Amino acid sequence: MDEQRKPISRSDFPADFAWGTATASYQIEGAFNEDGRGLSIWDTFSHTPGKTRDGDTGDVADDHYHRYKEDIALMRELGFNSYRFSIAWPRILPEGRGKVNSKGLDFYERLVDTLLANGIEPYATLYHWDLPQALQDKGGWKERFTPQAFEEYADAVSRRLGDRVKGWITLNEPAVSAFVGHVEGRHAPGEHSFQAGIRATHHLLLAHGLAMPVLRSNNRRKDAEFGITLSTTFAEPGDDSQQAYEAAVMVDNFNNRIFMDPLFKGRYPSAISNLIDQYLPVQGGDLEKIAAPLDFIGINYYFRTLALAVEDQQALKYKTRKVKGAQYTEMDWEVEPEGFYNLLKMVNTDYKPAKILITENGAAFPDRLEEGQGQPAVHDPDRTNYLKGHFEAALKALKEGAPIRGYFVWSFLDNFEWAQGYSKRFGIVYVDYPTQRRIVKDSGRWYQTFLRG
Ligand code: FCB
């Protein structure tokens with residue numbers, strides 16, 4: 001008899017697994033000028049004509065700043081035991097450094113207390129791309145005072161919340177900050193310099209290294225854990241050529257290893273040293289700080305990359321091969337869960353992290369709100385299938401020894417998708433922006449049912 005394929009269930013995962021969703025401050029909060037919040041590079045960037053789709057900004061976003069209580073009530077209804085959010089640096093230090101704005105801390109204290117009161121563990125990211133504009137005006141991540149300012153910011157936040165936050169994530173996706181923000185210029189601060197990208201890379205890693213001991217020493221929760229979140233991709237050659245092979249090696253190095261090697265091995269990857277060493281502003285002792293042990297590595301994963309070389313091959317320049325018949329999300333990202341399994345295996349084999357948290361995974365599809373007679377509904381079978389496929393891929397890697405202990409679906413709510421504005425919906429909860437109504441999508445109900453076991 002054929003063995004029936006049993007549907008994946010919560011009980012296949014460890015009992016103490018963190019299940020939830022992830023968001024980021026600028027993408028959901030709105031209230032951009034309330035309670036003493038300073039401006040961030042994303043306020044500046046989104047208000048610059050031509051930088052975001054339709055000129056969208058995060059001024060209002062999901063208005064989560066005012067609606068966090070209802071949002072958390074919905075998380076509870078959906079059965080999550082954890083929630084990953086980010087703290088807006090310019091709410092805490094409107095000028096980036098110096099005077100702490102206690103109203104900013106008050107907001108996150110209310111948020112954290114409400115989560116805990118609802119049985120949801122807070123996982124706080126300190127930096128999800130909203131650098132105070134005042135620091136950018138002095139050079140931002142290109143300069144060494146920014147990691148020093150980050151250390152002070154981490155201190156201010158963890159003094160207040162160090163008795164309550166379960167998970168601390170220093171940075172979200174430094175690769176995107178460094179390269180999309182400083183080399184490609186599609187994100188804030190919108191620069192176009194390879195050298196700036198490499199300087200930012202090192203200063204972001206240094207910020208992480210400086211903040212970790214501060215967070216640990218301000219911590220007053222026995223079971224708290226500390227780490228960093230990286231964007232990842234599984235890179236494969238797009239064809240049999242030597243050039244495609246080299247392009248894949250480059251993609252792997254600039255996405256994964258340029259951060260993982262310093263964090264786990266205390267050195268930058270030698271495969272790209274000819275491209276980066278001349279620009280890296282490393283000073284004595286930096287790499288030791290960066291390589292201090294992590295309690296977990298946060299993995300954000302969306303797609304694999306089938307890399308092809310371009311003419312005039314240089315760092316960060318490549319093409320991707322599209323696969324005939326494959327499914328692509330609205331971001332034009334290939335749906336291919338096997339790459340997720342491969343990436344997790346690779347991370348576990350090459351870096352042996354103590355623990356892995358999937359801090360983001362999810363998909364944008366063109367959702368339609370159906371109002372009809374009955375309940376409003378969003379039928380999004382593609383998103384549900386994406387999630388199922390990736391849960392299965394993670395489970396396979398887990399069973400083969402990858403120490404995966406948490407999964408945060410991106411995202412709880414539809415939100416401001418950076419340069420794409422509100423045109424791309426990643427939520428498992430639909431947001432009707434004109435009314436700010438929240439409507440749980442079918443994928444959200446599927447997740448809820450999965451969590452009930
Ligand atoms: C990641 C970001 C997150 C979101 C998703 C789609 O790179 O961390 O804020 O934009 O992509």
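Throughout, residue positions are numbered sequentially from 1 according to the sequence presented. The basis for the numbers below is simple: all heavy atoms, side chains too, and nothing from hydrogens, waters or symmetry mates. Keep in mind the model is a prediction, meaning the values are calculated, not measured.
Proximity of Phe234 to Tyr301: side-chain heavy atoms (C-beta onward) are separated by under 4.5 Å at one or more points. At least one side-chain heavy atom of Ile404 sits under 4.5 Å from a side-chain heavy atom of Leu344. Under the 4.5 Å side-chain criterion, counting only non-hydrogen atoms from C-beta, Phe264 is in contact with Ile297. Two residues are said to be in side-chain contact when any heavy atoms from C-beta on lie closer than 4.5 Å; Gln436 and Val431 meet this criterion. Side-chain contact check for Ile169 versus Leu357: every heavy-atom pair is 4.5 Å or farther apart. Residues Tyr328 and Trp333 have side chains not in contact (no heavy-atom distance under 4.5 Å, counting atoms from C-beta outward). A heavy-atom distance below 4.5 Å is found between the side chains of Asp261 and Pro269. Within the 4.5 Å cutoff, the side chain of Leu343 has heavy atoms near those of the Ile299 side chain.
No donor-acceptor pair under 3.5 Å is formed between the side chain of Glu370 and the backbone N or O of Pro376. Counting only distance, with no hydrogens or angles, the side chain of Asn255 and the backbone of Val251 share a donor-acceptor pair below 3.5 Å. For Thr23 (side chain) and Phe85 (main-chain N/O), no donor-acceptor pair under 3.5 Å exists by modelled atom type. Of the possible polar contacts, one joining the Thr52 side chain to the Asp56 backbone as a donor-acceptor pair under 3.5 Å is found. Checked by atom type and distance alone, the side chain of Thr329 pairs as donor or acceptor with a backbone atom of Met331 at under 3.5 Å. Checking side-chain atoms of Tyr26 against main-chain N and O of Gly58 turns up a donor-acceptor pair under 3.5 Å. For Ser86 (side chain) and Ser25 (main-chain N/O), a donor-acceptor pair under 3.5 Å exists by modelled atom type. Checking side-chain atoms of Lys352 against main-chain N and O of Thr349 turns up a donor-acceptor pair under 3.5 Å. Looking at Arg437, its side chain never comes within 3.5 Å of a backbone N or O of Asp432 through a donor-acceptor pair. A donor-acceptor contact shorter than 3.5 Å is absent between the side chain of Ser9 and the backbone of Gly453.
Taken from OH in Tyr268 to NE2 in His202, the straight-line distance is 5.0 Å, to the nearest 0.5 Å. Atoms OH and CG, on Tyr108 and Leu161 in that order, are 10.5 Å from each other to the nearest 0.5 Å. Note that CD1 of Ile258 is 11.5 Å distant from CG of Leu263, once rounded to the nearest 0.5 Å. Atom CD1 of Ile41 is separated from atom OG of Ser46 by 11.0 Å, given to the nearest 0.5 angstrom. Here the straight-line distance linking atom NZ of Lys441 with atom OH of Tyr447 works out to 15.0 Å at 0.5 Å rounding.
For CG of Asp223, the number of neighbouring non-hydrogen atoms (other residues, nucleotides, ligands) closer than 6.0 Å is greater than 12. Annotation for Glu371: atom CD counts as buried by contact number, over 12 foreign heavy atoms lying within 6.0 Å.
The salt bridge (Lys or Arg N to Asp or Glu O under 4.0 Å) test applied to Lys51 returns no partner, not counting sequence neighbours. By the salt bridge (Lys or Arg N to Asp or Glu O under 4.0 Å) test, Asp43 pairs with Arg37, sequence neighbours left out. Residues satisfying the salt bridge (Lys or Arg N to Asp or Glu O under 4.0 Å) test with Arg220, not counting sequence neighbours, are Asp163. With sequence neighbours excluded, the residues that form a side chain to side chain contact (heavy atoms under 4.5 Å, CB included) with Thr114 are Tyr68, Lys69, Ile72, Asn118. Residues passing the side chain to side chain contact (heavy atoms under 4.5 Å, CB included) test with Leu93, sequence neighbours excluded: Trp89, Val100, Tyr153. Legend: residues meeting side chain to side chain contact (heavy atoms under 4.5 Å, CB included) with Ser102, ordered by chain and number and at least two apart, are Arg160. Scanning for salt bridge (Lys or Arg N to Asp or Glu O under 4.0 Å) contacts around Arg267 gives an empty result, with sequence neighbours left out. Remark: Ala419 engages His187 in a side chain to side chain contact (heavy atoms under 4.5 Å, CB included) (not counting sequence neighbours).
Using bins of under 30°, 30° to 60° and over 60° for the plane-to-plane angle, the ring pair Phe17/Trp19 lands in the tilted bin. The aromatic rings of Phe254 and Phe179 sit perpendicular to each other, their planes meeting at more than 60°, with 30° as the lower class boundary.
Among residues at least two apart or in separate chains, salt bridge (Lys or Arg N to Asp or Glu O under 4.0 Å) pairs with a member in residues 289-308 are Arg216-Asp295, Glu236-Arg304, Arg304-Glu334, Arg304-Glu336. Residue pairs meeting the ring-ring contact (aromatic ring centres under 6.0 Å, His included) criterion with at least one member in residues 355-379: none, sequence neighbours excluded. Identified under the salt bridge (Lys or Arg N to Asp or Glu O under 4.0 Å) test for residues 8-27, with sequence neighbours left out: Lys6-Asp12. For the salt bridge (Lys or Arg N to Asp or Glu O under 4.0 Å) condition, the pairs that include at least one residue of residues 398-408, sequence neighbours left out, are Lys345-Glu400.
Figure legend: cation-pi geometry between Lys265 and Tyr351, with NZ or CZ positioned under 6.0 Å from the six-membered ring centre and within 45° of its axis. For the pair Lys166 and Tyr123, the cation does not sit on the ring face, since its NZ or CZ is not both under 6.0 Å from the ring centre and inside 45° of the axis. Stacking of Lys396 on the aromatic ring of Tyr341 is recorded, both the 6.0 Å distance cut-off and the 45° axial limit being met.
In summary, Arg383 and Asp367 engage in a salt bridge, as defined by a charged side-chain N under 4.0 Å from a carboxylate O. Under the 4.0 Å criterion applied to side-chain N and carboxylate O atoms, Asp35 and Arg91 are not assigned as salt-bridge partners. Taking a cutoff of 4.0 Å between a charged side-chain nitrogen and a carboxylate oxygen, Asp106 and Arg110 do not qualify as a salt bridge. Ion pairing between a basic and an acidic side chain is recognised when a charged N comes within 4.0 Å of a carboxylate O; Lys322 and Asp332 show such pairing. Using a 4.0 Å cut-off between charged side-chain N and carboxylate O, Asp239 and Arg321 make no salt bridge. Between Arg53 and Glu417 there is no salt bridge, since none of the side-chain N atoms of the basic residue sits less than 4.0 Å from a carboxylate O of the acidic one.
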Give the intermediate values and the outcome of salt bridge (charged side-chain N to carboxylate O under 4.0 Å, His left out) for residues Asp71 and Arg438. CA-CA 9 Å; Asp71 288 339; Arg438 276 71 164 136; 2.9 Å; yes

Full working for salt bridge (charged side-chain N to carboxylate O under 4.0 Å, His left out) between Lys424 and Asp414: CA-CA 8 Å; Lys424 302 286 184 279; Asp414 292 334; over 6 Å; no

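The distance between the ring centers of Tyr127 and Trp141 falls below 6.0 angstrom. For Phe391 and Phe450, the ring centers sit closer than 6.0 Å to each other.
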